[in-house]
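Step one of this worksheet: look at the structure below.
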Amino acid sequence: MKKDNDFPIKDPDFTNLVKKAKRNSIIRIALISFSISVLVILLTYFLGNYMMNETINKQTNDDASWHSIEGANIKQQGTSFNHSLFSATSKTEFVKNLDGIPVPWISEEKVYLLFGKSTLITSEGPSKLQEVNDKRTPSYFNGERAIEFVPPGVKAPLFDDRNILEHIDDNKVVEMAFSFNRGYKIKDVQKMFNKNLSWYWVDTFDQSDINTYNELNKSKETSLTVSGEEAIGFQSSNQVNSEAKIFINTLNSLKDTGSHKHAANNIIQNITHNQTKDLSPENLKIIGVVVTGTPSEIKKYNNLSFIRTASLGVTIDKY
């Protein structure tokens with residue numbers, strides 16, 4: 001006789017109910033797992049995107065400060081961004097200013113990844129083609145000459161492009177970079193070049209830097225100079241010390257954080273002679289300038305004895 005408490009193992013309805021419950025449980029677990037996975041992915045993406053945007057904002061501001069002191073007569077024009085799902089690309093445009101006429105110059109592109117650092121992807125820049133028996137071949141970018149400097153104390157073949165001015169019409173505006181024989185005070189340089197002065201080149205070298213240049217220049221095949229894109233300095237203005245103070249404030253803002261802090265600290269150490277002098281406009285040594293104007297205006301500086309080298313840069317129509 002079958003007892004009341006016997007388990008109805010072979011009951012078809014009960015078996016189907018158990019199978020249905022298992023199936024529903026599996027579906028529920030799968031849906032929960034899927035929902036959690038989607039939530040984790042979305043949270044990870046939004047967190048990564050947030051961190052990427054924070055990196056972009058911080059890096060962009062950091063780069064803008066650095067670009068304000070690096071590059072002879074080069075100004076940052078603006079930065080545009082192109083965002084994709086997992087990355088972003090920035091393109092920063094630069095111009096040279098020749099008597100109020102902007103001339104497009106080298107652009108800079110960077111790629112930013114989720115949770116990653118920025119990577120510079122720009123490959124363009126000034127280049128030169130060395131010809132046989134050429135003592136000096138200037139660099140060019142987009143068909144325009146790129147300026148260069150020689151620091152005081154560096155032994156290198158000196159060059160003077162001022163003779164080229166004789167062959168340029170006065171309906172042109174030219175850019176010329178002068179390297180000095182030593183450092184001079186801002187006010188003295190400003191008085192000398194006055195309205196044609198566009199940019200000051202600041203002495204940021206120590207003796208070890210000069211020794212490195214001289215060692216590399218011992219080879220007859222090498223003539224190492226400072227390109228205009230790498231030179232450190234500041235723009236000229238009617239207020240003699242205002243731009244110098246901005247230059248100093250920029251260095252102080254860069255020295256503690258960011259990708260340029262090592263370079264900023266090295267510059268400060270060299271200017272202040274390892275903190276033995278104050279970082280002030282009075283202690284900045286100007287070792288070169290960029291001047292702009294018509295050929296006849298620039299010819300006024302042909303006989304200045306303290307100019308070691310003269311490098312012709314961009315030449316454009318005046319009108």
Side-chain angles (χ1 to χ4, degrees), residues 34-97 102-127 141-142 146 199 201-202 204 209 226-235 243-272 275 279:
F34 176 76
S35 299
I36 292 175
S37 299
V38 170
L39 182 61
V40 170
I41 291 172
L42 288 175
L43 287 175
T44 302
Y45 171 75
F46 284 116
L47 178 61
N49 194 60
Y50 171 79
M51 293 178 65
M52 182 178 70
N53 286 328
E54 286 293 302
T55 300
I56 290 174
N57 291 333
K58 185 176 180 180
Q59 187 74 61
T60 301
N61 292 332
D62 195 43
D63 287 345
S65 295
W66 178 252
H67 291 146
S68 70
I69 65 172
E70 184 191 46
N73 193 33
I74 299 173
K75 289 184 178 182
Q76 181 173 322
Q77 189 77 353
T79 302
S80 59
F81 297 93
N82 182 22
H83 289 263
S84 61
L85 189 60
F86 298 109
S87 66
T89 303
S90 68
K91 184 174 183 179
T92 302
E93 304 286 351
F94 297 89
V95 297
K96 282 183 170 259
N97 181 14
V103 179
W105 204 241
I106 302 167
S107 61
E108 181 179 278
E109 293 187 37
K110 285 187 174 182
V111 62
Y112 300 84
L113 301 176
L114 291 180
F115 300 106
K117 295 183 179 180
S118 62
T119 303
L120 187 66
I121 58 175
T122 303
S123 59
E124 61 180 1
S127 59
F141 177 74
N142 280 349
W199 188 84
W201 184 31
V202 178
T204 60
D209 296 325
V226 177
S227 71
E229 288 66 40
E230 298 174 338
I232 301 297
F234 55 91
Q235 302 291 332
E243 295 294 341
K245 291 178 180 178
I246 294 174
F247 173 81
I248 290 171
N249 291 337
T250 300
L251 283 174
N252 284 325
S253 70
L254 289 168
K255 69 178 182 180
D256 295 323
T257 60
S259 58
H260 305 290
K261 67 178 182 179
H262 176 74
N265 275 290
N266 187 58
I267 290 171
I268 292 173
Q269 291 298 315
N270 290 346
I271 291 176
T272 62
Q275 306 296 336
L279 184 61

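Just so we're clear, the structure is a prediction, and the values are computed from it rather than from any experiment.
- A distance of 8.5 Å separates CD1 of I106 from NZ of K96, quoted to the nearest 0.5 Å.
- Nearest approach of I74 to Q235, heavy atoms of both residues: O-NE2, 3.7 Å.
- Nearest approach of E93 to S107, heavy atoms of both residues: OE1-CB, 3.7 Å.
- Put simply, CD1 on I232 and OG1 on T204 are 6.0 Å apart, with the number rounded to the nearest 0.5 Å.
- With rounding to the nearest 0.5 angstrom, the OG atom of S90 is 7.5 Å from the CD1 atom of I56.
- Residues I69 and V202 fail the side-chain proximity criterion, which asks for heavy atoms closer than 4.5 Å.
- One distance of note links CG of L42 with CG of N49; it measures 12.0 Å at 0.5 Å rounding.
- To the nearest 0.5 angstrom, F234 atom CZ is 11.5 Å from S68 atom OG.
- The shortest side-chain heavy-atom distance between T79 and K91 does not fall under the 4.5 Å cut-off.
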*asked:* Under the criterion side-chain contact (heavy atoms from CB on, under 4.5 Å), I'd like the reasoning laid out for Y112 against S87: C-alpha separation, chi angles, the key distance, then a yes or no.
replied: CA-CA 5 Å; Y112 300 84; S87 66; over 6 Å; no

*Report the C-alpha separation of L254 and K261 in whole Å, then their side-chain angles, then the decisive distance to 0.1 Å, and conclude whether the side-chain contact (heavy atoms from CB on, under 4.5 Å) test is met.*
CA-CA 5 Å; L254 289 168; K261 67 178 182 179; over 6 Å; no

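- Considering all non-hydrogen atoms of both residues, D62 and T257 come closest at OD1-O, 4.2 Å.
- By the 6.0 Å contact criterion, OH on Y50 is open, its count of non-hydrogen atoms from other residues, nucleotides or ligands being 12 or less.
- With sequence neighbours excluded, the residues that form a ring pair (Phe, Tyr, Trp, His ring centres under 6.0 Å) with F94 are H67.
- Under a cut-off of 6.0 angstrom, the local environment of NE2 in H262 is sparse, with at most 12 non-hydrogen atoms contributed by other residues, nucleotides or ligands.
- Here D63 pairs with Q59, K110, H260 under the side-chain hydrogen bond (donor to acceptor under 3.5 Å, both in side chains) rule; sequence neighbours left out.
- In this structure, W199 and A231 approach most closely via the heavy-atom pair CH2-CB, 3.6 Å.
- H83 contributes atom NE2, which lies 6.0 Å from atom CE of M52 (distance to the nearest 0.5 angstrom).
- Taking the six-membered ring for Trp and the full ring otherwise, F141 and W105 have centroids separated by under 6.0 Å.
- Here the side chain of S65 pairs a donor or acceptor atom with the backbone of N61 at under 3.5 angstrom.
- W66 and A263 get closest at one heavy-atom pair: CH2-CB, 3.6 Å.
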*asked:* For K255 and L279: C-alpha separation, side-chain torsions, deciding distance, then whether side-chain contact (heavy atoms from CB on, under 4.5 Å) applies.
replied: CA-CA 13 Å; K255 69 178 182 180; L279 184 61; over 6 Å; no

*I would like to know whether T119 and L113 meet side-chain contact (heavy atoms from CB on, under 4.5 Å); could you show each step before the answer?*
CA-CA 9 Å; T119 303; L113 301 176; 6.0 Å; no

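- With a 4.5 Å cut-off on side-chain heavy atoms, V111 and L120 do not count as touching.
- For K245 and E243, the salt-bridge test fails: no basic side-chain N is under 4.0 Å from an acidic carboxylate O.
- A distance-only check finds no donor-acceptor pair linking the side chain of N97 to the backbone of P102 [under 3.5 Å].
- Applying the salt bridge (Lys or Arg N to Asp or Glu O under 4.0 Å) test to E230 and every residue at least two apart in sequence or in another chain returns nothing.
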